[in-house]
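Each remark here refers to the structure printed beneath this line.
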Amino acid sequence: MPVAPTDCLQELLEDAGYLEVGGEHLYTVLHKVANPIARVLMAGPFAAERQYSYIPWVRWARYLAQRRIEVLRFDYRGVGESTGKFEEMNFETWREDAQTVASWFQQQSPGLPLILHGLELGALLAAKTLAAGIGSAGLFWSPPRTANEVLRSSLKHQIAIDNAFNTTTRKPASHYIQQLDEGETMEVEGYRWSESLWRQSYQLEMPSGDAGDWHGGKPVRFVQLDKRATPLIGTSGLRFVSTVNPDLSELFAENYHWIVNTPGLTR
Amino acid sequence: MKKHIELRELISIDWAGRSIHGTYHKPFCSGRSKPTLGFLFLNYGTTPRSGGSDVTVYWADSFAKLGYPSFRIDVPGLGDSDGDLPRDMVGYANAINAEHYTAAISAVVKAVSERFHLSGVVLQGQCAGAVAAIFAATASKYVKGLVLITPYFHLQMDSVARTKIGSMAAQNPIGRPVRWLYQTLKRHLRPERLPRNANRNLIRCWNKLTYSELPMLVMTHDDEHRGYFNYIEYLQKSNSNRGQIVVKPIAGHSKEAYSTAAENWLRYHFPVEKDVAVNAGAALG
């Protein structure tokens, strides 16, 4: 399988735009490539993580684009640059977003293999999209077992903030979870969680091998990121991030090589 | 993919061979009267232009509803804008303090003013963005006002870390009285003067803006200065309270509280023309 020469790095051409989905507009950025060898759809992490992981996530997209892999990344409805109110969205909404954007990208000309790539919550949604028959492969970074795991991680950060600034009436995590289980809405890290968001989080699970060959034999790769990838993942309790632009060249190279060396993933 | 939707437009400004990306929030306004002043948000820290918890989107929408064309941009290296970026927060803060972003922000302010036929913009910055905004306001005639959220006036990042630790200690039931005692003794034993790591270049720019009577709104957390040097208070005293500076402590950290304070200040200093305001009011219902 020919490997795209890295000494012919592509000039970057990034095209931002809106794609209408469900009455709202998803913000998308297409990292266009002349004569691409493959396409990658990047599904990002949960809302509260977005601001921390954005810099390395964008740099990863540019890394791929420089090597003739066309990349499309997007914001979920109600998050970041996309329109819509967060509190009116849930995991079904975002699954629809991922599938709509993936279908759109897959239909672009010329036809090329499409790798569905996700980070944390995005990995779960990318996997669901692949399981629905869209895409040629999956690349999943730090996928959670369920969406509830994602929410609990964000909740932990909120509890850390609450306890840091309120030393008289500290509440344990169980108190917050009980409130959510009882159907109450709650503001967590600046986002208002609805009852349906919490309820659905239990139901949205990462497909597993136990459920059969959910990816239809298509290539999949799971990568568990560790703290060297911060702030791509795993900021600490109070979210004080010291590294903003880490050197992730090794991670990028490993995953790029998986794409170009896996049969059927590049033209 | 569309660049324009009903209430927003994606913009990009060419500068130094690269593109600076942003989002324009269209104002409610009548066909007869066009707004003459815009509102431009800089990145909060190193977050993308939507801000932490997408708060800047909320603010831009709010001000656009009042009739102010609002813009959110990613300075070079942040968000969707390409550019070099230091590896860590210390490096980023040093770059801000060295006015690394002043030329880019000045170019954006000029481009936006000219393209949208504005007399200029009010520039908003938070934390490091506030520092960058002060420098840009000194450099650009198109900056007509400043909204600064928790600006800082010191240089070394280790002192920021100390103040963060100090701030956290101040929340601790034991740390609070100990810190109070330390600061009280320090105040009585040493006359008030600028700390050694004060950003004197920034302070010079601040003083210039004060004397030029540029309207400035400074919003601070109501408990922010507990435990360390209060630059704003010092600067106001040393300038004999000159200038058009309003300092507004905000209780809690709600985006609505910040938005309301900024809106009230805007209405006073930069009222939207009457027919624009009437139309905006009708649009708000």
Side-chain angles (χ1 to χ4, degrees), chain A residues 12-20 24-31 47-48 50-59 61-62 72-75 78-86 101 104 161 163-168 187-192 231 238-247, chain B residues 1-12 18-19 21-23 43-55 57-58 61 72 74 77-82 84-92 157 160-161 164-165 167-168 170-176 221 223 252-255:
Chain A
L12 298 178
L13 180 58
E14 297 170 21
D15 188 18
Y18 293 107
L19 181 68
E20 189 168 346
E24 299 293 348
H25 291 91
L26 294 187
Y27 175 74
T28 61
V29 179
L30 178 62
H31 295 254
R50 178 182 177 274
Q51 60 179 305
Y52 301 103
S53 61
Y54 207 83
I55 291 170
W57 194 235
V58 170
R59 274 155 169 70
R62 289 182 180 141
L72 182 65
R73 51 185 178 85
F74 68 100
D75 285 339
V79 178
E81 295 297 321
S82 292
T83 65
K85 293 181 185 171
F86 178 90
V101 180
W104 179 89
I161 294 167
N163 289 341
F165 290 101
N166 185 353
T167 54
T168 52
E187 182 156 311
V188 181
E189 297 198 275
Y191 295 96
R192 181 143 291 276
L238 288 176
R239 300 266 205 199
F240 182 62
V241 177
S242 58
T243 304
V244 296
N245 184 23
D247 178 3
Chain B
M1 304 286 188
K2 296 190 279 193
K3 297 277 187 211
H4 297 249
I5 55 177
E6 188 191 349
L7 296 177
R8 296 183 198 174
E9 180 185 331
L10 298 174
I11 60 172
S12 64
R18 44 174 67 124
S19 291
H21 296 284
T23 305
N43 299 86
Y44 166 30
T46 55
T47 64
R49 65 186 186 271
S50 55
S53 309
D54 302 331
V55 67
V57 179
Y58 172 85
D61 277 341
R72 298 180 288 109
D74 287 322
L78 297 184
D80 295 324
S81 295
D82 194 14
D84 299 324
L85 187 67
R87 187 172 178 270
D88 55 28
M89 284 299 290
V90 175
Y92 179 67
M157 199 62 186
V160 172
K164 271 200 180 300
I165 293 165
S167 181
M168 285 163 61
Q171 314 302 326
N172 183 281
I174 296 168
R176 263 199 303 266
H221 299 315
D223 58 356
H253 300 269
S254 84
K255 61 188 179 194

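Below, chain A is the first sequence line, B the second, and so on; all start at residue 1.
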Ion pair check, B:D80 and A:R73, cut-off under 4.0 Å: yes
B:R87 vs A:V244 side-chain heavy atoms within contact, under 4.5 Å: no
Chain B contact via A:E187 - which portion, at a heavy-atom distance below 4.5 Å: neither
Pairwise side-chain contact, B:E6 with A:H25, heavy-atom cut-off 4.5 Å (strictly under): no
A:D15 and B:K3 ion-paired at < 4.0 Å: yes
A:Y27, OH atom: more than 12 neighbouring heavy atoms under 6.0 Å: yes
A:Y18 and its side-chain contact (heavy atoms from CB on, under 4.5 Å) partner, picked from B:M1, B:R8, B:E9: B:R8
Interface moiety of B:R72 toward chain A, non-hydrogen atoms closer than 4.5 Å: side chain
Check: B:S19 and A:E14 side chains under 4.5 Å, non-hydrogen atoms: no
Options B:L7, B:V57, B:L78, B:T47, ranked by heavy-atom pairs under 4.5 Å with chain A, top entry: B:T47
Contact class of B:T23 relative to chain A, heavy atoms under 4.5 angstrom: side chain
Backbone of A:G80 reached by a side-chain donor or acceptor of B:D54 within 3.5 Å: yes
B:L85 side chain reached by A:R59 side chain, heavy atoms, under 4.5 Å: yes
A:T243 side chain to B:D88 backbone, donor-acceptor under 3.5 Å: no
Contact origin within A:A16 toward chain B - heavy atom pairs under 4.5 Å: both
Interface moiety of A:W57 toward chain B, non-hydrogen atoms closer than 4.5 Å: neither
Side chains of A:Q51 and B:P48 in contact at under 4.5 Å (non-hydrogen atoms): yes
Inter-residue atom distance A:I55.CD1 - B:T46.OG1, 0.5 Å rounding: 4.5 Å
Contact class of A:S82 relative to chain B, heavy atoms under 4.5 angstrom: backbone
